[in-house]
Enquirer: 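Let me give you the structure first, and then I'll get to my questions.
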Amino acid sequence: MDMKHKMGRVAFSKAFDIAYGRIEKDRQKGMLEIFNLVEGYVTKNGNYDLSNFRACLEDKDSALYQYISRIIDETDRHELKTFVLNFLYEAMSRGTSLIHQARAKYQCNVPWLILMDPTSACNLKCTGCWAAEYGHKLNLTLEEMDNLISQGKELGIYYYMYTGGEPLVRKNDLIKLCEMHPDCAFISFTNGTLVDEAFVKELKRVGNLYLAISLEGFEEANDDRRGKGVYQKVMHAMDLLKENGIIFGTSIAYTRNNIEYVTSDEFIDMEISKGVKFSMYFHLMPVGNDASPELMPTVEQRLMIKDRLRQIRAMKDGKGLFCFDFQNDGEYVGGCIAGGRNYFHINANGDAEPCVFIHYSNSNIRENTLIEILQSPLFMAYHNNQPFNDNHLRPCPMLENPDVLPRLVAESGAKSTDLQSPETVEHLCDKCRDYASCWGEVADKIWKEEGHEESSEEKMAVNL
């Protein structure tokens, strides 16, 4: 970290302390001061319209005001300050500026986020889990993850996520990475069963590792897939995290069978009462030779969740929970974000994949530098073909555009990374064709009715 970087971080830190101190005297005024601080940094790197944010903060009855009040009341001050410094200042502001420079210099995608699997090992055996496809107990070493993060920071990447396997099998190493890179923000997906008091104390100490706990619904639905007793362990983990002021959220894979449950008022209210601050929704992907495409949501269900999640997160009159859907929110990020455009995935074998659901690669962190990966044939195929559809309600080269991914894989010479049961890209995409056709007709009608002409990756969900 050079002197200019250090001075900028110190200045931001002091400004946050002043604004936070005023919250105790006048909460609304303090909130607006923190907003002004963040707005100044964020808008330097894009044409972001934050006027709706400001209007809602000026209304104490708004869902956004109540949501941020809840964050302040329930979050440890050190935890919150570290999040603001690392996620907003480092990742969204300073990091974004460096990323734009790197994209221009290297003429390739440079992501805002890197997703990696510390291990393929897991303490559960969930029905239909695609993460186990790579083989048993593969691992990235601590040194490999540290090296990748160091390379990433040189390009402006200060935001990292862990998947698996169960990342918390390696929780000691994850804490070490927080210590080695105290200026980065980390999120770990987890089944929640390995969260105990000792680990929560470590989370509170470092302040820059946040959890996204997987849920399938309420107890019966969750335990039917994950095993008896898992739901109650998750509830206990949430209680520990909330009691200690730790930022955490949920990760929800929605299927034809659980979609109504995980979008219900009862479920959302449960999350809020437990201290959940964000919720990531993932459309079921028919990945793997043994996948069950019949569990993909119907067109009617996808329309429902599209509208329902926007209602939940509405800043003025929503439920007061930030949630997003990686399929239905494509219009706010300019379509597909994979292939290094905004993120990519590294599996526990070191293979660099364009997406966590696209298990094909022609580069590996043990053989290639980060820039070499981003300039590899498959990643450049993504770069040169994005967006894959002008209708950003149809963002994916597999799920909604099944003719695209086979072409990219063939042109780049990428190979399957599945070590147990390699799946051809044609077999994968054939499972999506009926779905893509049905959804495409509906999505095109919606896109036209909403009057979309152009979309920009600068457009943000803050305008929902």
Side-chain angles (χ1 to χ4, degrees), residues 8-94 96 185 204 207-208 210 238 241-250 265 268-279 309-324 332 459-464:
R9 186 177 173 92
V10 169
F12 191 95
S13 176
K14 289 182 177 179
F16 174 86
D17 286 336
I18 293 171
Y20 192 94
R22 290 189 179 141
I23 285 176
E24 297 177 353
K25 300 177 182 179
D26 186 330
R27 171 158 294 189
Q28 189 174 46
K29 185 176 180 180
M31 279 188 189
L32 286 167
E33 287 194 18
I34 292 177
F35 170 78
N36 291 336
L37 172 67
V38 171
E39 182 183 39
Y41 282 90
V42 170
T43 54
K44 287 193 303 184
N45 298 300
N47 184 27
Y48 302 129
D49 180 5
L50 302 182
S51 58
N52 285 350
F53 254 114
R54 182 180 296 280
C56 288
L57 288 179
E58 292 172 346
D59 177 8
K60 292 184 178 180
D61 293 325
S62 73
L64 178 65
Y65 184 91
Q66 297 300 320
Y67 172 61
I68 295 180
S69 286
R70 184 164 66 90
I71 290 175
I72 293 169
D73 291 336
E74 295 179 357
T75 307
D76 174 76
R77 179 168 178 166
H78 168 66
E79 175 97 352
L80 182 58
K81 180 179 178 178
T82 304
F83 174 81
V84 170
L85 277 169
N86 292 3
F87 188 80
L88 297 179
Y89 173 70
E90 299 288 3
M92 288 193 68
S93 178
R94 181 180 175 277
T96 298
K204 190 171 184 177
N208 60 337
Y210 319 105
M238 288 183 172
L241 293 165
K242 182 180 180 181
E243 289 167 7
N244 285 274
I246 305 301
I247 295 172
F248 73 97
T250 53
D265 280 338
I268 301 301
D269 290 343
M270 178 276 292
E271 289 186 295
I272 292 172
S273 70
K274 286 290 184 178
V276 171
K277 302 301 186 298
F278 61 88
S279 191
L309 294 186
R310 296 179 187 200
Q311 178 187 46
I312 291 169
R313 71 184 179 216
M315 292 187 292
K316 184 177 180 180
D317 55 5
K319 297 284 289 183
L321 178 67
F322 179 61
C323 55
F324 49 98
Y332 301 105
K459 187 176 180 183
M460 293 184 67
V462 296
N463 292 318
L464 293 183

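None of the values given here were measured: they were computed from a predicted structure.
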Enquirer: Taking all atoms of both residues into account, what is the closest heavy-atom pair of I34 and A19, and its distance?
Expert: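 Residues I34 and A19, closest heavy atoms: CG1-CB, 3.4 Å.
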Enquirer: On a heavy-atom basis, which atom in C323 and which in L309 lie closest, and how many Å separate them?
Expert: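 Nearest heavy atoms, C323 then L309: SG-O, 3.6 Å.
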Enquirer: Which value, rounded to the nearest 0.5 Å, describes the distance between I71 atom CD1 and F83 atom CZ?
Expert: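 Those atoms lie 7.5 Å apart.
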Enquirer: Evaluate the side-chain proximity of K316 to N52: yes if any heavy-atom separation is below 4.5 Å, no if none is.
Expert: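 Result no, sub-4.5 Å side-chain heavy-atom pair not found.
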Enquirer: Report the C-alpha distance between E33 and I23 in whole Å, list the side-chain angles of each, state the deciding distance to 0.1 Å, and finish with yes or no for side chain to side chain contact (heavy atoms under 4.5 Å, CB included).
Expert: CA-CA 9 Å; E33 287 194 18; I23 285 176; over 6 Å; no
Enquirer: Hey, are the side chains of Y65 and D59 touching, using non-hydrogen atoms and a 4.5 Å cut-off?
Expert: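 Answer no - side chains too far apart.
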Enquirer: Are any non-hydrogen side-chain atoms of M238 and E271 less than 4.5 angstrom apart?
Expert: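 Not touching, per the 4.5 Å side-chain cut-off.
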Enquirer: Any heavy-atom pair between the side chains of M315 and Y67 that's under 4.5 Å?
Expert: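 Not in contact.
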Enquirer: Output yes when a side-chain donor or acceptor of Q311 lies under 3.5 Å from a complementary backbone atom of G318, and no otherwise.
Expert: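 No, the answer is negative, given that no donor and acceptor are paired below the 3.5 Å cut-off.
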Enquirer: Are any of the side-chain heavy atoms of L50 and F35 separated by less than 4.5 Å?
Expert: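 Side chain of L50 against side chain of F35, heavy atoms only: contact under 4.5 Å found.
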Enquirer: If we ignore hydrogens and angles and just use 3.5 Å, is the side chain of K277 paired with the main-chain N or O of G275 as donor and acceptor?
Expert: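 Side chain of K277 to backbone of G275, a donor-acceptor pair under 3.5 Å: yes, one is there.
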Enquirer: S62 side chain to D317 main-chain N or O, any donor-acceptor pair under 3.5 Å?
Expert: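 Looks like no, no N/O pair under 3.5 Å.
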Enquirer: Once you round to the nearest 0.5 Å, how far does CZ of F16 lie from CZ of R77?
Expert: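 So the CZ of F16 and the CZ of R77 are separated by 6.5 Å.
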Enquirer: Quick check: closest heavy atoms across S69 and M31, and the distance to 0.1 Å?
Expert: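 Closest approach of S69 to M31: OG-CE, 3.1 Å.
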Enquirer: Has the side chain of Q28 got a donor or acceptor atom that lies under 3.5 Å from a matching backbone atom of L57?
Expert: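 Between the backbone of L57 and the side chain of Q28 there is a qualifying donor-acceptor contact (under 3.5 Å).
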Enquirer: Using 0.5 Å steps for rounding, measure from the CD1 atom of I18 to the OG atom of S13.
Expert: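 One finds 10.0 Å between CD1 of I18 and OG of S13.
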Enquirer: For the pair K274 and L241, evaluate side chain to side chain contact (heavy atoms under 4.5 Å, CB included) and give the outcome as yes or no after the intermediate values.
Expert: CA-CA 9 Å; K274 286 290 184 178; L241 293 165; over 6 Å; no
Enquirer: Answer yes or no: is there a side-chain heavy-atom contact under 4.5 Å between Y89 and R94?
Expert: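 The answer is yes; the side chains approach within 4.5 Å.
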Enquirer: Mind checking the OH-CZ spacing from Y210 to F278? Nearest 0.5 Å is all I need.
Expert: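 If I round to the nearest 0.5 Å, the distance is 10.0 Å.
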Enquirer: Quick one: does any side-chain atom of K204 pair with a main-chain N or O of H78 as donor and acceptor, under 3.5 Å?
Expert: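 Flag not set: sc K204 to bb H78 has no pair under 3.5 Å.
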Enquirer: Under the side chain to side chain contact (heavy atoms under 4.5 Å, CB included) criterion, do N244 and D76 qualify, and how do the steps go?
Expert: CA-CA 7 Å; N244 285 274; D76 174 76; over 6 Å; no
Enquirer: Is there side-chain contact between R70 and Q66, with at least one heavy-atom pair below 4.5 Å?
Expert: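 A side-chain contact under 4.5 Å is absent here.
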Enquirer: Is any side-chain heavy atom of R9 less than 4.5 Å from a side-chain heavy atom of N86?
Expert: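 Contact flag for R9/N86 side chains = yes.
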Enquirer: I need the I268 CD1 to L321 CG distance, nearest 0.5 Å.
Expert: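 Going from the CD1 atom of I268 to the CG atom of L321 covers 5.5 Å.
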Enquirer: Where do A314 and A63 come nearest, in terms of heavy atoms and distance?
Expert: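 Nearest pair, atom of A314 first, then A63: O-CB, 3.6 Å.
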Enquirer: Is there a side chain to side chain contact (heavy atoms under 4.5 Å, CB included) between R313 and S279? Walk through the geometry before answering.
Expert: CA-CA 10 Å; R313 71 184 179 216; S279 191; over 6 Å; no
Enquirer: To the nearest 0.5 Å, tell me how far I312 CD1 sits from F324 CZ.
Expert: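 Nearest 0.5 Å value for the CD1-CZ distance: 13.0 Å.
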Enquirer: Would you please name every residue forming a salt bridge (Lys or Arg N to Asp or Glu O under 4.0 Å) with D73, sequence neighbours left out?
Expert: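 So D73 forms a salt bridge (Lys or Arg N to Asp or Glu O under 4.0 Å) with R27.
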